[in-house]
Amino acid sequence: MKIAFVGKGGSGKTTLSSLFIRHLAAEGAPVVAVDADINQHLGAALGLDEAEAAALPAMGEHLRLIKEHLRGTNPRIASADTMIKTTPPGEGSRLLRVQEDNPVYDACARPVELDGGAVRLMVTGPFTDADLGVACYHSKTGAVELCLNHLVDGPGEYVVVDMTAGSDSFASGMFTRFDMTFLVAEPTRKGVSVYRQYKEYARDFGVALKVVGNKVQGPDDLDFLRAEVGDDLLVTVGHSDWVRAMEKGRPPRFADLEDSNRLALRTLREAADATYERRDWERYTRQMVQFHLKNAQSWGNERTGADLAAQVDPGFVLGESVTAGA
């Protein structure tokens, strides 16, 4: 299952995504975790120290390798230079699986040991001083979008992405790449404003969206969230001594997480798992193509000097039964 955590800056989405990743790992589930936020904090939230987090390879620095691998023998893609972040797979493309070894994982993923298991962690890389004034952060997340376009996951497998804060995710089609999107909202007007934006933008794309209320301190906070987001409110999370210790760099055993918060994480997994029966690979592929054609026309054709619409394989539908190219 492909799962995104979104929310305004400071809402706690990185903390909650890291707790969810720990929960999955503790239950033995295979997980690929991706930090796609402009502020790269997921590694630290998963227990890496500053030096370890800084040493994680940036996906953007391996973009050519990613493109060359995914291109495979697809005859519609002349070269890696003509691939952009929205390029869809077709006959001959190489696909990514959660549980496999491949050059993309070798270059960009690193194992992170957690209580009860381990996960693969991938990061876009930080927005550096060299990028200021000359680069858009969404160019860095392009590597994530390209990988998601070529990724086939099955039941009981998880790709968890900590997305960039606010509504910036809508600057590309990446917001449609997920089976479930968890929007972390505080019980404040600012906290639910991103929810309203996300709900409006995602309305026409069949995005499964549920709200996780965070920093909820009492009945008044709960009533506020229920009034503002209605049935989209899935679960709430309150104060956690475990999280406070984790943020100080001294996390207890994950088994010692408060029962109420463990139950909340179990609810998140059940909600994500329930979307599997509603998967529509044809719609998923169609939306992928839709955003590719839009990007090709607006900037991709000019940037690459190629007709990127010709990359679309009209008979190809991504799905679990598809065999990867050579």
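Everything numeric in this text was worked out from a predicted model, so none of it was measured.
In summary, Arg97 and Glu157 do not engage in a salt bridge, as defined by a charged side-chain N under 4.0 Å from a carboxylate O. Using a 4.0 Å cut-off between charged nitrogen and carboxylate oxygen, Arg244 and Asp241 do not count as a salt-bridge pair. Salt bridge absent: Arg266 and Glu270 never bring a charged side-chain N and a carboxylate O closer than 4.0 Å. Note on Lys2 versus Asp153: salt bridge recorded, some NZ/NE/NH1/NH2 to OD/OE distance being below 4.0 Å. Between Glu91 and Arg76 there is no salt bridge, since no side-chain nitrogen of the basic residue lies less than 4.0 Å from a carboxylate oxygen of the acidic one. Under the 4.0 Å criterion applied to side-chain N and carboxylate O atoms, Glu186 and Lys8 are assigned as salt-bridge partners.
From Leu70, atom CG reaches atom OG of Ser93 across 8.0 Å, with rounding to the nearest 0.5 Å. Distance check: Leu318 CG to Arg286 CZ gives 13.5 Å after rounding to the nearest 0.5 Å. Atoms OG1 and CD1, from Thr164 and Ile38 in turn, are 5.5 Å apart once rounded to the nearest 0.5 Å. Interatomic distance, Thr141 OG1 to Leu146 CG, rounded to the nearest 0.5 Å: 11.5 Å. Thr176 contributes atom OG1, which lies 7.5 Å from atom CD of Glu145 (distance to the nearest 0.5 angstrom). Distance check: Thr285 OG1 to Met288 CE gives 5.0 Å after rounding to the nearest 0.5 Å.
With hydrogens and angles ignored, the 3.5 Å screen pairs no side-chain donor or acceptor of Asp179 with any backbone N or O of Met1. With hydrogens and angles ignored, the 3.5 Å screen pairs no side-chain donor or acceptor of Asp37 with any backbone N or O of Gln40. In this structure, Glu52 contributes its side chain and Asp49 its backbone to a donor-acceptor pair below 3.5 Å. Judged by distance alone, the side chain of Arg120 and the main-chain N or O of Val98 form a donor-acceptor pair under 3.5 Å. For Glu247 (side chain) and Ala45 (main-chain N/O), no donor-acceptor pair under 3.5 Å exists by modelled atom type. Counting only distance, with no hydrogens or angles, the side chain of Trp242 and the backbone of Arg253 share a donor-acceptor pair below 3.5 Å. Of the possible donor and acceptor atoms, one in the side chain of Asp115 sits under 3.5 Å from a partner among the backbone N and O of Phe254.
Met246 and Ser18 get closest at one heavy-atom pair: CE-OG, 4.3 Å. Scanning both residues, Thr87 and Ile84, for their nearest heavy atoms gives OG1-N, 2.8 Å. Minimum interatomic distance between Ala36 and Val161 (heavy atoms only, all atoms of both residues): CB-CG1, 3.8 Å. Scanning all heavy atoms of the two residues, the minimum distance from Ala78 to Arg71 falls at O-NH1, 3.4 Å. In terms of heavy atoms, Leu46 sits closest to Arg22 at C-NH2, 3.3 Å. Annotation for Leu268 and Leu234: closest pair CD2-CD2, 3.6 Å, computed over non-hydrogen atoms.
The closest side-chain donor-acceptor pair between Gln217 and His239, if any, does not fall under 3.5 angstrom. For the 3.5 Å distance criterion, the side chains of Tyr195 and Asp232 qualify, holding a donor opposite an acceptor.
Side-chain contact between Leu24 and Val160: present, with at least one pair of heavy atoms (C-beta onward) separated by less than 4.5 Å. A heavy-atom distance below 4.5 Å is found between the side chains of Leu209 and Lys199. For the pair Asn102/Leu96, a side-chain contact is recorded, criterion being any heavy-atom separation below 4.5 Å from C-beta on. When side chains are defined from C-beta on, Thr181 does not count as touching Lys210, because their heavy atoms never get closer than 4.5 Å. In this structure, the side chains of Asn39 and Thr14 stay at 4.5 Å or more apart for every pair of heavy atoms. Proximity of Asp35 to Thr124: side-chain heavy atoms (C-beta onward) are nowhere separated by under 4.5 Å. Using a 4.5 Å cut-off on side-chain heavy atoms (C-beta onward), Asp273 and Tyr158 make contact. By the 4.5 Å heavy-atom criterion applied to side chains, Lys215 and Ser11 are not counted as neighbours.
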Test Phe5 against Phe178 for ring-ring contact (aromatic ring centres under 6.0 Å, His included), laying out the working first.
CA-CA 10 Å; Phe5 279 81; Phe178 301 100; over 10 Å; no
Please test Leu183 against Lys13 for side chain to side chain contact (heavy atoms under 4.5 Å, CB included), starting from the C-alpha separation and ending with a verdict.
CA-CA 8 Å; Leu183 190 145; Lys13 68 178 181 61; over 6 Å; no
After noting the C-alpha distance and the side-chain angles of Leu265 and Leu263, does the key distance pass the side chain to side chain contact (heavy atoms under 4.5 Å, CB included) rule?
CA-CA 5 Å; Leu265 295 175; Leu263 179 61; over 6 Å; no
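With Arg94 as the fixed residue, the side chain to side chain contact (heavy atoms under 4.5 Å, CB included) test singles out one of His150, Glu68, His69: His69.
Taking the six-membered ring for Trp, Tyr201 and Phe175 have ring centres at least 6.0 Å apart.
Both the sub-6.0 Å distance and the 45° axial angle are not jointly satisfied by Arg279 relative to the ring of Tyr284.
Connectivity analysis of hydrophobic side chains (ILVMFWY, heavy atoms under 4.5 Å, direct or indirect) links Leu293 to Val289, Val312.
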